[in-house]
Peer 1: 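Take this structure first; my questions come after.
Throughout, a chain's letter reflects where its sequence line sits, starting with A, and its residues are numbered from 1. These values consider heavy atoms only, across backbone and side chains, with no hydrogens, waters or symmetry-generated copies.
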Amino acid sequence: DAGVIQSPRHEVTEMGQEVTLRCKPISGHNSLFWYRQTMMRGLELLIYFNNNVPIDDSGMPEDRFSAKMPNASFSTLKIQPSEPRDSAVYFCASSFGRGPGSPLHFGNGTRLTVT
Amino acid sequence: GQQLNQSPQSMFIQEGEDVSMNCTSSSIFNTWLWYKQEPGEGPVLLIALYKAGELTSNGRLTAQFGITRKDSFLNISASIPSDVGIYFCAGPPNTGNQFYFGTGTSLTVIP
């Protein structure tokens, strides 16, 4: 069973550059979530989609962050321009079901370092 | 935003000991989930709880959905070195669709 697949696993970039993180959810799951994890703030929900439609993006830090889900099997999180404070591990997760209690299944994350 | 507080923040125990940790929220939850995260990996679901008072086991792990619906507990019996990791509680509050995660409990098992 393929789980949630994220790429790249590691990304190192310079301040000001554009960064694109990718996610392939588990086949058949209809909700997709982007989280950011840091030591200071723990796991923070950035945005989530249901049936490819963004439902809540209130966690997106600022306009430099954008997320898309063009189809049920692919999503991207873009940061432009990137800043050192964006350094974190970004996780994608997916779930099946309409209810908010459907368990999330996480990918292994993308560790982003912005210098 | 929603706050989920976990305690203890960290634990150092001897192999074979039992472990208890808990999670409290400022509002009522309909679902409680417990996850484990190992270094370099994403959180992995351990146990899901859907009803107040529910007690569910998964091997040596047992979790309970608190009667007040504002807390949950996770116990690990007879700990082993591979139990090492960070344990997170999570769930959506009664209102809203967001999943919130707790602050985590870091577990170290000394062989």
Peer 1: Calculate, to the nearest 0.5 Å, the distance between atoms CG and OG belonging to B/L45 and A/S95 respectively.
Peer 2: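 That separation rounds to 11.0 Å.
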
Peer 1: Say whether B/L49 and B/M21 are linked into one hydrophobic cluster, either directly or through other cluster members, by side-chain heavy-atom distances under 4.5 angstrom.
Peer 2: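 Hydrophobic grouping puts B/L49 with B/M21.
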
Peer 1: Of all the heavy-atom pairs spanning A/L104 and B/Y35, show the shortest one and how long it is.
Peer 2: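 For A/L104 and B/Y35, the tightest heavy-atom pair comes out as O-OH, 2.7 Å.
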
Peer 1: Once you round to the nearest 0.5 Å, how far does CD of B/Q37 lie from CZ of A/F106?
Peer 2: 8.5 Å

Peer 1: Counting neighbours of CZ on A/R64 that are heavy atoms of other residues, nucleotides or ligands and sit closer than 6.0 Å, is the number greater than 12?
Peer 2: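 Count over threshold, so yes.
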
Peer 1: Are more than 12 heavy atoms from other residues, nucleotides or ligands located less than 6.0 Å from atom CD of B/Q9?
Peer 2: no

Peer 1: Test of understanding: clusters of I, L, V, M, F, W, Y form through side-chain heavy atoms closer than 4.5 Å, transitively. Do A/M60 and A/V19 belong to the same one?
Peer 2: yes

Peer 1: For chain B, which residues from residues 37-44 of chain A lie under 4.5 Å away (heavy-atom distances)?
Peer 2: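 At a heavy-atom separation under 4.5 Å, chain B is reached by A/Q37, A/L43.
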
Peer 1: Run B/F88 and A/Y35 through ring-ring contact (aromatic ring centres under 6.0 Å, His included) and show every step you take.
Peer 2: CA-CA 14 Å; B/F88 292 99; A/Y35 281 85; over 10 Å; no

Peer 1: Using the rule that Ile, Leu, Val, Met, Phe, Trp and Tyr join whenever any side-chain heavy atoms are under 4.5 Å apart, tell me whether B/I47 and B/V84 fall into a single cluster.
Peer 2: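 Yes, B/I47 and B/V84 fall within the same hydrophobic cluster.
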
Peer 1: Quick check: are there more than 12 heavy atoms from other residues, nucleotides or ligands sitting under 6.0 Å from CG of A/D63?
Peer 2: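 No.
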
Peer 1: Take a 6.0 Å sphere around CD of A/E14 and say whether it holds more than 12 heavy atoms from other residues, nucleotides or ligands.
Peer 2: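 It does not: A/E14 CD has 12 such atoms or fewer within range.
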
Peer 1: Could you state whether A/V114 and A/L21 fall into the same hydrophobic cluster, counting links through intermediate Ile, Leu, Val, Met, Phe, Trp or Tyr residues with side-chain heavy atoms under 4.5 angstrom apart?
Peer 2: yes

Peer 1: Taking 4.5 Å as the heavy-atom cut-off, does anything in residues 72-80 of chain A contact chain B, and if so which residues?
Peer 2: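 If one takes a 4.5 Å heavy-atom cut-off, no residue of residues 72-80 of chain A lies near chain B.
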
Peer 1: Do you know which of B/G104, B/G40, B/G102, B/P43 has the most heavy-atom pairs with chain A at a distance under 4.5 angstrom?
Peer 2: B/P43

Peer 1: With clusters defined by side-chain heavy atoms of hydrophobic residues (ILVMFWY) lying less than 4.5 Å apart, directly or transitively, does A/I47 cluster with A/F65?
Peer 2: yes

